[in-house]
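A note on names: the letters A, B, ... follow the listed sequences, proteins ahead of strands, and every chain is numbered from 1.
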Protein chains: 2
Amino acid sequence: MDVTCDLNAQATIEDCRREMAAQAARHGHTIHLAQGSPVYFNGDPAREVYCVQKGALRLSRLLCDGRRQILSFAFPGEVIGLAHDGTHHTDCEVLNDAVLSVLPTGRFAAIAHADPALASAMLRLAAQEMHDMQGHLVLLGQKSAIERLASFLALLGGRAGAASAGWVCFDLPMSRTDIGDYLGMSVETVSRAMTRLRVAGLVHLPRPDRVCLSDLAALTGFAEGEAPAPARYAA
Amino acid sequence: MDVTCDLNAQATIEDCRREMAAQAARHGHTIHLAQGSPVYFNGDPAREVYCVQKGALRLSRLLCDGRRQILSFAFPGEVIGLAHDGTHHTDCEVLNDAVLSVLPTGRFAAIAHADPALASAMLRLAAQEMHDMQGHLVLLGQKSAIERLASFLALLGGRAGAASAGWVCFDLPMSRTDIGDYLGMSVETVSRAMTRLRVAGLVHLPRPDRVCLSDLAALTGFAEGEAPAPARYAA
DNA sequence: CGGGCAATTGAGTGATGTCAACGAGGGTGG
DNA sequence: CCACCCTCGTTGACATCACTCAATTGCCCG
């Protein structure tokens with residue numbers, strides 16, 4: 001499902017995020033959470049929605065036997081906590097020390113009811129989120145290990161330094177284990193793929209938790225399968 | 001992102017679907033499409049939203065080199081075509097001869113603006129869809145081939161015969177290739193997994209395109225990793 | 001009856017998971 | 001301040017699951 005709100009077709013996604021953040025700031029309150037804190041767990045009643053102001057969150061789901069899939073990492077500007085049935089079906093934890101705007105679900109619904117612009121913005125954000133999830137599905141279903149990691153780094157790189165033509169550098173707030181659980185592969189495979197990307201010259205790692213990209217476009221192209229997948233990572 | 005609309009917290013997802021379908025029927029028009037027809041392609045302007053009344057649709061995304069990921073199959077009651085930026089980023093085609101309610105995007109937005117209940121219902125449907133996609137992410141990222149197929153058949157079985165305790169039977173409107181592209185595995189692996197489930201007694205196949213489940217709960221349990229994955233399919 | 005497509009099955013290969021060892025960094029306690 | 005330990009990341013060796021290539025069967029349709 002993809003959705004357009006023609007009402008504010010001129011508005012950017014960023015505008016929608018700001019709209020949500022402004023409403024949350026006005027009608028809700030702000031909390032600070034330390035690294036590792038849970039925001040909510042699977043099964044908790046969904047009483048609040050959250051706008052990330054600072055830091056990063058990790059949303060995940062577990063299988064009975066402990067396998068974990070990370071569904072997304074939430075960065076500043078993103079909204080989380082909407083549930084279709086009043087209950088959370090994911091775990092949400094703080095990666096980095098985080099600042100969140102908290103808006104009780106009921107109040108959110110009331111405001112959205114009174115203000116079509118907010119409902120519209122929220123719908124737009126939901127559509128954007130679904131689009132991102134579709135990319136994640138393609139990644140997990142079709143891409144090789146090295147393409148998955150390239151996609152992930154390109155995604156983060158795009159967030160970090162959208163327009164800059166030169167080097168794009170950013171920190172990784174999550175562990176290799178988290179990356180593995182996001183990309184559907186083992187820690188060891190993440191590490192090996194990282195090494196291959198480094199050797200191929202597509203990424204530079206000043207520290208294990210810091211990434212520098214000399215050519216984001218090349219990395220993105222590789223991640224999207226422009227080069228025949230098997231041939232490229234012979235390097 | 002999970003979202004609750006407390007406004008109509010008592011309303012079921014089905015109610016939301018009916019609400020959307022009713023609005024689409026009142027303000028839009030109805031079309032019939034033959035098997036194999038495209039509804040829209042990646043890159044097309046998102047001018048309309050669609051409610052599936054009859055038949056089944058296939059939403060997919062392609063990589064440059066032809067790899068295809070099927071994002072979802074849409075069945076009666078589901079709404080598709082919402083886009084975050086006015087453009088479709090998926091291909092949508094008809095699996096079965098289908099009947100769709102078509103509602104121009106602009107008119108949808110206008111109605112949603114005037115009627116908070118519709119906006120609320122749509123947001124609810126979006127949250128449900130995100131929940132389903134999360135399940136798909138877990139499937140692709142964490143499950144073995146046989147667990148993936150079991151999950152898929154259990155999902156369809158749940159749709160087909162929700163409450164019935166006895167046998168649940170249904171037709172598969174899609175090919176093995178489609179199933180493979182949905183589950184992120186090759187046709188051959190789909191076929192082998194199907195054979196293993198059949199031999200294990202979890203499914204019965206009167207015809208290749210018809211499935212009968214004697215114990216939906218057992219299949220679901222297996223699909224969710226209740227039994228240690230490797231041990232179970234020794235049978 | 002013959003052709004073509006879909007599904008299944010077999011054989012062999014290859015990518016990724018598992019198990020294990022090693023080194024680096026950071027925190028704690030002596 | 002230093003020593004120790006624990007965790008994280010990396011790398012190697014090996015096992016295994018799933019993919020590729022290939023052949024066969026059955027069905028639908030001409």
Show your reasoning for whether side-chain hydrogen bond (donor to acceptor under 3.5 Å, both in side chains) applies to B/Ser191 and B/Glu188.
CA-CA 5 Å; B/Ser191 195; B/Glu188 294 92 330; over 6 Å; no

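Of the candidate nucleotides C/dT16, D/dA22, D/dG9, C/dT16 has the atom nearest to the side chain of A/Ser144. Of all nucleotides listed (D/dT20, D/dT11, D/dT10), D/dT10 comes nearest to the side chain of A/Val187.
Atoms CZ (B/Arg198) and C1' (C/dA7) sit 11 Å apart, rounded to a whole Å. Distance CZ (A/Arg148) to P (C/dA15): 14 Å, rounded to an integer number of Å. Atom pair A/Asp209:CG and C/dG26:C1' shows a separation of 13 Å (rounding to whole Å applied). One interatomic measurement links the two molecules: CZ of B/Arg176 to C1' of D/dG26, which rounds to 13 Å at whole-angstrom precision. For the pair A/Leu139 CG and C/dT16 P, the computed distance is 12 Å after rounding to whole Å. In this structure, B/Glu188 atom CD and D/dC21 atom P are separated by 10 Å, rounded to whole Å. Atom CD in A/Gln35 sits about 15 Å away from atom P in D/dT7, given to the nearest Å. Distance, A/Leu205 CG to C/dG25 P: 14 Å, rounded to whole Å.
B/Ser175 comes within contact range of the sugar-phosphate backbone alone, with a heavy-atom separation under 4.0 Å but no base atom that close. The residue A/Met194 sits apart from the nucleic acid: no heavy atom pair falls under 4.0 Å. Looking at heavy-atom distances under 4.0 Å, A/Gly184 makes contact with sugar-phosphate atoms alone, never a base.
Using a 30° and 60° split on the angle between ring planes, B/Tyr40 and B/His88 fall in the parallel class, below 30°.
Comparing B/Val190 and A/Met185 by the nucleotide of DNA chain C whose heavy atom lies nearest to each, the residue mapping closer to the 5' end is B/Val190.
Side-chain N/O atoms of A/Arg192 and base N/O atoms of C/dT18 include a donor-acceptor pair closer than 3.5 Å.
Side-chain contact annotation: A/Ser101 with A/Gln53, donor-acceptor N/O pair under 3.5 Å present.
Put simply, B/Thr189 has a side-chain N or O that comes within less than 4.0 Å of OP1 or OP2 on D/dC19. A close approach under 4.0 Å does not occur between any side-chain nitrogen or oxygen of A/Thr177 and OP1 or OP2 of D/dC8. Checking the phosphate oxygens (OP1, OP2) of C/dT18, no side-chain nitrogen or oxygen of A/Ser186 falls inside 4.0 Å.
Checking B/Leu172, B/Leu156, B/Leu197 one by one against B/Val211, the side-chain contact (heavy atoms from CB on, under 4.5 Å) holds for a single residue, B/Leu172.
The local environment of CZ in A/Arg68 is crowded, with over 12 non-hydrogen atoms from other residues, nucleotides or ligands closer than 6.0 Å.
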